[in-house]
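Working notes for the structure below.
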Amino acid sequence: QVQLVESGGGLVQAGGSLRLSCTASGRTFGSSGMGWFRQALGKEREFAASIAASGGSTFYADSVKGRFTISRDSAKNTVYLQMNSLRPEDTAVYYCAAAYILGDLRHPTGYQYWGQGTQVTVSS
């Protein structure tokens, strides 16, 4: 079993920055692909960013490309999402996810474990 705990969400003005963290426990962190998804009120969960187990490959949704950066620190069992130039439309609950079986890291079905989510609210 894997436990994922997100932190770093909050309220920020448009144009500001936040860094989300997700710390994993319970299983070898270095062998998992990691992803960040988000779900706005009344909308489906959508992909934001992912990073391969090796840390060498990253993918981003077009809506966040150039503004968000995903990274991982295996020594701390933690994956990060640095979010810059935030917009009101980035407002959502952000979820961290871990994948231990090879699959599409850009789709929710590619992940076996999920965190509880952290709220990000961007005011205009």
Side-chain angles (χ1 to χ4, degrees):
Q1 192 73 342
V2 174
Q3 293 77 44
L4 302 173
V5 179
E6 301 103 331
S7 61
L11 173 64
V12 64
Q13 288 188 331
S17 299
L18 283 174
R19 188 177 80 157
L20 305 183
S21 300
C22 172
T23 301
S25 61
R27 195 167 171 179
T28 304
F29 178 75
S31 61
S32 64
M34 301 295 295
W36 286 97
F37 289 74
R38 63 186 186 181
Q39 187 166 17
L41 193 63
K43 296 187 177 181
E44 293 187 353
R45 190 169 299 190
E46 65 174 11
F47 170 75
S50 66
I51 186 166
S54 64
S57 296
T58 57
F59 293 99
Y60 297 93
D62 288 343
S63 57
V64 308
K65 199 173 295 182
R67 301 186 298 122
F68 290 10
T69 302
I70 189 171
S71 62
R72 64 191 299 160
D73 184 339
S74 293
K76 296 182 178 180
N77 287 355
T78 299
V79 62
Y80 304 97
L81 186 68
Q82 177 67 44
M83 306 186 294
N84 299 328
S85 302
L86 283 162
R87 305 166 180 169
E89 54 264 39
D90 294 318
T91 295
V93 177
Y94 282 72
Y95 296 90
C96 169
Y100 287 87
I101 299 173
L102 186 63
D104 187 351
L105 293 182
R106 293 164 291 185
H107 197 277
T109 59
Y111 296 85
Q112 295 78 53
Y113 301 100
W114 292 84
Q116 80 290 349
T118 185
Q119 176 71 47
V120 171
T121 303
V122 184
S123 63
S124 57

Does L18 belong to the same Ile/Leu/Val/Met/Phe/Trp/Tyr cluster as V93, with side-chain heavy atoms less than 4.5 Å apart forming each link?
-> no

Is it true that D90 and R87 make a salt bridge, defined as a side-chain N closer than 4.0 Å to a carboxylate O?
-> no

In the single-linkage hydrophobic clustering (I, L, V, M, F, W, Y; side-chain heavy atoms under 4.5 Å), do F68 and V122 co-cluster?
-> yes

Does any non-hydrogen side-chain atom of W36 lie less than 4.5 Å from one of S50?
-> no

Under the side chain to side chain donor-acceptor pair (under 3.5 Å) rule, what do E44 and Q39 come out as? Steps first, then yes or no, please.
-> CA-CA 6 Å; E44 293 187 353; Q39 187 166 17; over 6 Å; no

Any side-chain heavy-atom pair of S17 and Q82 under 4.5 Å | yes

Taking the six-membered ring of Y80, is the NZ or CZ of R19 close enough (under 6.0 Å from the centre) and on axis enough (within 45°)?
-> yes

Has the side chain of E6 got a donor or acceptor atom that lies under 3.5 Å from a matching backbone atom of Q116?
-> yes

Is there side-chain contact between T69 and L81, with at least one heavy-atom pair below 4.5 Å?
-> no

Side chain to side chain donor-acceptor pair (under 3.5 Å) between R38 and Y94, worked out = CA-CA 4 Å; R38 63 186 186 181; Y94 282 72; 3.0 Å; yes

Would you give the length of the straight line joining atom OH of Y95 to atom SG of C22, rounded to the nearest 0.5 angstrom?
-> 13.0 Å

Should I70 and V64 be counted in the same cluster of Ile, Leu, Val, Met, Phe, Trp and Tyr side chains packed under 4.5 Å apart?
-> yes

Could you check if a side-chain atom of K43 sits within less than 4.5 angstrom of a side-chain atom of L41, using non-hydrogen atoms only?
-> no

Judged by atom type as modelled, is there a donor-acceptor pair below 3.5 Å linking the side chain of T118 to the main-chain atoms of G9?
-> yes

Only residue of L105, L4, T78 satisfying side chain to side chain contact (heavy atoms under 4.5 Å, CB included) with M34 is L4

Assign the ring pair F37 / Y111 to parallel, tilted or perpendicular, where the plane angle (0 to 90°) is split at 30° and 60°.
-> perpendicular

CG (L86) and OG1 (T121) are apart, to the nearest 0.5 Å, by 10.5 Å

Smallest heavy-atom separation, S31 atom then A53 atom, equals C-CB, 3.7 Å

Distance col, row R72:CZ vs T58:OG1, nearest 0.5 angstrom, shows 12.0 Å

Can you check whether L20 reaches M83 side chain to side chain, under 4.5 Å on heavy atoms?
-> yes

Evaluate the criterion side-chain contact (heavy atoms from CB on, under 4.5 Å) for residue pair Y60 and R67; output intermediate values, then yes/no.
-> CA-CA 10 Å; Y60 297 93; R67 301 186 298 122; over 6 Å; no

Kindly give the heavy-atom pair with the smallest separation between G110 and A99, and that separation in Å.
-> O-CB, 3.1 Å

For Y100 and V2, the nearest pair of non-hydrogen atoms, with its separation, is CE1-CG2, 3.6 Å

Quick check: does any side chain N or O of S21 sit under 3.5 Å from a backbone N or O of S7, one acting as donor and the other as acceptor?
-> no

Run the numbers on V79 and I51 for side-chain contact (heavy atoms from CB on, under 4.5 Å), then give the verdict.
-> CA-CA 9 Å; V79 62; I51 186 166; 4.1 Å; yes

